[in-house]
Structures are given as structure tokens and as C-alpha cells.
Amino acid sequence: MIAAQVESLGRMGLVEKPVPGPGENSVLIKVAACAICGSDVRIFAKGDARAKYPIVIGHEIAGTVTAVGKNVKGFKEGDRVCAAPGHGCGKCRFCTTGHSNVCIHPCPSIGYASDGGFAEYVVPPENVVRLGFVNKIPDGVSFDDASMSELLACNLNAQENTPVQKGDVVLIMGAGPAGCMQIRLSQLRGARKVLVTQRSRGRLEMARRFSPDRLIASGEEDLAKAVMEETDGVGADAIFVCAPSRAAQEQALTLAAPRGRVNFFGGLPKDDCSITTNANVIHYKELFVGGASSSLARQNREALELIAAGKVEAKQYVTHRFPLQRIVEAFQTVIDRKAIKVVVNPA
């Protein structure tokens, strides 16, 4: 088979590899679509402690089961499925209480320590199958649309940790793919007003298709002033920081309403991951500050259901498609911020 393999930092190319077997505890998937995630770009361009080289990356996977291990139940050849990067061991107290995304004994994760979806075929690690991160695609949902479910599941995790309530004013900092998904999820949960901010006007304009109530180009206007205008001087009830920005995380705490909720969705670069804040702001305003890391198996199923029901129009997020042979061009499109979501189609 053909696969796009990252050989070392900044070096990726097509290689021939044997088609893997599913073993006894996994499935072989013929990949039809694999979307590019920000973490894929990080592994390729900047490095990630969770990834090893050489590695075939890609974890937003949709395709067809072509072989099933003898110990695997519930799947058969021909099933249309999505595979997501679960890394739980299934045994620690966090896994057994339903939070495998923060497992303290993590197993190899697909696209990080185990070859991922930028290839013609992929075999998810057995723990990914065992913990429910391979799920059937509902009828009527295309492979490209289904590949959006993994990121949507991560956003559902953020919404669980930082719940949007009916009548809230929501501020989304960062108009990338995650920020655009938070627009729709906030609307579904009854937000009264959704504000989106981004430094660059071009990137911000891409979010307009999701009908936020206001776009704020923070490189051109005063973000704090704009938020206070939209909230009668109170601040936002829920804030999702979807940009990997220390400054955005610090500012978010100052823009929250009393008893506001702030979610640090975007991780910071490992060499610039400390923030400075006035702790009294959190103390006296009784702020609730949380994060969101990856997703749970049930959230991946919920994401597919939302897409199938048309509550989230997945095709709105897919702005570019590339064959596997143009994988480097596909990545450059993401790096240049010319897209919302880019899908690679190996088949």
C-alpha cells in the first residue's frame, strides 16, 4: 500500500508499506477519508512528545472494514466506520470511571505512536477498538462528512466540561475548525449570542458561514471593548479559547462575566505554556476555569449522530480535498490557513 510517512521533523513523503493485518483484536480499514488536524501539523512541523518517527499520522479517519480479527465482535467486512485516537488503558481509575481521555497509563494512540490514516489502509491499536473508538457511520453520511466527527467529539467534550446554558453570551477565541464547531454547538445549546474573535480578518471571515452574531478582528479593534458592548458591560458567560495562544488564555479570564466559565481548548506550545494572571479575578468573580483533552468514545458516537441528523452540517467545514499523492500540498494549505478543514482521500 501507499502511505504518507513523516520521516523526521518537517520531512514527509510517500512510501510503500505492507498492508497490515488486523491481528486477533483489531480490524483492517480501507481509508476513504482522513482529515488533517492541528495536532497532525504539529507532529509534522514542530514535533510532539507523544509521537515517534517515522510515523504515518492522521487520526480523523473514515473508511470501510476489510478484515476483522477473530476476537473482535460487532464488526464485519463492508462496515463503514470511523476510527478516533483513543489512548486509554481501560484499567486505571480514570478509564474505569469513564474518562479514558486522561488515562494515567496511556496506550499507543493512532496517528501518534501507531500508524494512522494518511494511508490506503490502517489498523487501529487494539485498545482503540476495545474502548469503543471505532464506530459505524450512519446511513446517508459520506466518508468526508464522517471524518469531521472526531474533531466534533473533542468539541462536545469541551461543551461537557464547560457547559453552555440557554441565554448565555458565548465568546469563542480562535476562528479555526474547532472554533467554528463551537459556534454551532453553542447555538444548539441555546446561546443568546455567539461572538467570535481572531486576529486575522481573512481567517475570521471563514467563520461567517456559521452565522455568529458578531465577528471581532482583534488585530483591528479593541476586543475587550467589543465584548463589553455586547454584554452590557458584564462579560461573556462562557468562553472557549480555541487558539494555541498564551495571550488569549490570559485575556479570556478578564473577559468572563461573574461566575463565568472558561475553557482552554487549544493547548499551548511546549516552550511557551505558562500564563500569568491575576488570581483575584478568578477568586472574586468565582470563575470556573477548565480544559478539554481529546474525547470519549460516546462523544464520537454522539458526533456521528449529530451529523446524521443534520444538526451539524459537516460538509460546511470541509473546504479543501486532496488525494494522498498531494499530501504535502494538503498540509501546506492548512499551515497557510487557507482552509477550515482539509480532507485527504487515499482511495
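Only this structure's heavy atoms are used, side chains among them; waters, hydrogens and symmetry mates stay out.
Cluster membership check: Val81 does not share its hydrophobic cluster with Val123, using side-chain heavy-atom separations under 4.5 Å among Ile, Leu, Val, Met, Phe, Trp and Tyr. Note: the hydrophobic cluster containing Ile36 also contains Phe44 (ILVMFWY, side chain heavy atoms under 4.5 Å, direct or indirect links). In the hydrophobic cluster analysis, where Ile, Leu, Val, Met, Phe, Trp and Tyr join through side-chain heavy atoms closer than 4.5 angstrom, Leu204 is grouped apart from Leu255. Residue Val164 is grouped with residue Met181 when hydrophobic side chains (ILVMFWY) are merged at heavy-atom distances under 4.5 angstrom, including chains of intermediate members.
Of the N and O atoms on the side chains of Asp79 and Thr64, not one donor lies less than 3.5 Å from an acceptor on the other residue. Side-chain atoms of Asn71 and Asn25 include a donor-acceptor pair closer than 3.5 Å. Arg11 and Ser8 are linked by a side-chain donor-acceptor pair at a separation below 3.5 angstrom, with hydrogens and angles left out of the test. Side chains of Glu7 and Gln5: a donor-acceptor N/O pair is present below 3.5 angstrom, by distance only. Using modelled atom types, one finds no donor on one side chain facing an acceptor on the other under 3.5 Å when comparing Ser294 with Asn101.
Of the residues listed (Ile327, Leu324, Ile2), the one engaging Pro346 in a side-chain contact (heavy atoms from CB on, under 4.5 Å) is Leu324, and it is the only one. Just one residue in the list Leu287, Val289, Asp168 forms a side-chain contact (heavy atoms from CB on, under 4.5 Å) with Arg261, and that residue is Asp168.
In this structure, the separation between CZ on Phe94 and NE2 on His99 is 9.0 Å, given to the nearest 0.5 Å. To the nearest 0.5 Å, the span separating CG on Asp237 from OG on Ser186 amounts to 11.0 Å.
Side-chain contact between Glu150 and Pro85 is present, with at least one heavy-atom pair separated by less than 4.5 Å. Contact of the Met206 side chain with the Arg337 side chain is not registered, since no non-hydrogen atoms from C-beta on lie closer than 4.5 Å.
For residues 214-251, no pair satisfies ring-ring contact (aromatic ring centres under 6.0 Å, His included), with sequence neighbours left out.
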